[in-house]
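Notes for the one structure printed next.
These figures come from a predicted structure and were not determined experimentally. Basis for what follows: all heavy atoms, side chains included, without hydrogens, waters or symmetry-related copies.
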Number of protein chains: 2
Amino acid sequence: MIKIQEIDPDRLEMAANMLKAIAHPMRIAILKHLEGGKKLTVTQIHELLGIEQSTTSHHLGILKDKGVLCSRREGKNTFYYLKHDVLSQVVDCLERCTCGE
Amino acid sequence: MIKIQEIDPDRLEMAANMLKAIAHPMRIAILKHLEGGKKLTVTQIHELLGIEQSTTSHHLGILKDKGVLCSRREGKNTFYYLKHDVLSQVVDCLERCTCGE
DNA sequence: ATTAAATATTTATATATTTGCATTTGTAAT
DNA sequence: ATTACAAATGCAAATATATAAATATTTAAT
């Protein structure tokens with residue numbers, strides 16, 4: 001049994017940033033739409049969520065910047081998808097915890 | 001295969017709040033100290049983290065309010081501990097994700 | 001080279017969060 | 001009842017975040 005976690009401030013900061021990126025209702029909704037390796041464009045997400053295009057782009061930018069999502073441009077479209085699929089499990093886990101209040 | 005997640009705005013909000021509560025370097029550090037069912041007092045945590053007593057109390061209050069921690073008073077001390085132990089797994093999972101950047 | 005569609009950026013405003021100090025409340029001991 | 005220790009609260013200043021409107025960039029088609 002190795003104790004790797006001596007609480008490195010930088011890792012702490014990174015983890016917090018990643019979580020902060022996810023910790024927003026719209027961004028969680030985005031993640032849920034991307035579960036299972038799905039790839040969606042900015043427009044698709046903006047229509048699915050019913051929020052402004054620029055707001056959508058901002059949220060996607062945050063998620064990408066913090067290492068939650070990746071993106072790939074194909075012609076005029078940019079597809080976004082989960083970088084680590086486990087992240088959607090994190091969200092599910094959290095939701096289960098919010099259940100039994 | 002049941003599709004439970006029709007993305008209820010309230011659940012979304014709840015999950016986001018819980019995540020927001022966790023998404024802070026100091027608060028993640030607190031969770032790591034409480035892993036495995038450990039119970040610590042405000043003073044212990046405030047000394048472990050090297051931050052102000054009132055700041056510590058604030059952070060603990062946020063974590064408790066959002067359903068991440070529970071507390072139990074014993075004499076002059078108040079012990080804080082994880083409500084759902086799975087939450088420390090969430091943190092570990094996240095940290096693993098921050099690794100392979 | 002123009003035009004149009006998709007995405008990103010800039011900017012401004014509103015709102016929320018973090019932090020520490022000072023204070024207050026709760027509890028136990030003398 | 002006074003004192004002492006532990007924890008919580010109110011407050012203010014600094015900082016960060018969210019949103020949307022307007023603008024700019026990128027790419028493809030004509």
Ranking D:dA8, C:dT9, D:dT26 by distance to the side chain of B:V42, first place goes to D:dA8

| query | Can you check whether B:G75's main-chain N or O pairs, donor with acceptor, with B:R73's side chain at less than 3.5 Å? | reply | yes

*Which part of the nucleic acid does A:T78 contact within heavy-atom distance under 4.0 Å: base, sugar-phosphate only, or nothing?*
sugar-phosphate

dist B:H46:NE2 -> B:S54:OG (nearest 0.5 Å) comes out at 9.5 Å

Between A:N17 and B:K76, whichever has its closest DNA chain D nucleotide further toward 5' is B:K76

To the nearest angstrom, the NZ-P distance between B:K20 and D:dT17 comes to 12 Å

A:I28 CD1 to D:dA18 P, in whole Å, measures 12 Å

A:L63 CG to C:dA8 C1', in whole Å, measures 15 Å

Rounded to whole Å, the NE2-P distance (B:H58 to C:dA16) equals 16 Å

Here the distance between atom P of C:dT27 and atom CG of B:N77, to the nearest Å, is 12 Å

Point to revise | Hphob cluster co-occupancy, B:L31 + B:L49, side-chain heavy atoms under 4.5 angstrom | key: yes

Tell me what B:Y80 touches on the nucleic acid: a base, only sugar-phosphate, or nothing, going by heavy atoms under 4.0 Å. sugar-phosphate

Interatomic distance, CD1@B:I28 vs CG@B:L87, rounded to 0.5 Å, equals 12.0 Å

To the nearest angstrom, the NE2-C1' distance between B:H24 and C:dA16 comes to 13 Å

Which of C:dT18, C:dT7, C:dA5 is nearest the side chain of A:R73? It is C:dT7

Between CZ of B:F79 and C1' of D:dA8 the distance, given in whole Å, is 17 Å

Backbone N/O of A:M26 and side chain of A:H24: donor-acceptor pair under 3.5 Å: yes

- Would you check if the side chain of A:R27 reaches a backbone N or O of A:L63 as a donor-acceptor pair within less than 3.5 Å? no

What residues 43-55 of chain A contributes to the DNA chain D interface at heavy-atom separation below 4.0 Å is A:E52, A:S54, A:T55

Under 4.0 Å, heavy atoms only, any strand: does A:T56 hit a base, just the sugar-phosphate, or nothing?
nothing

OG1 (A:T41) and NZ (A:K76) are apart, to the nearest 0.5 Å, by 12.0 Å

note: B:L60, atom CG; D:dA6, atom P; distance rounded to Å ~ 15 Å

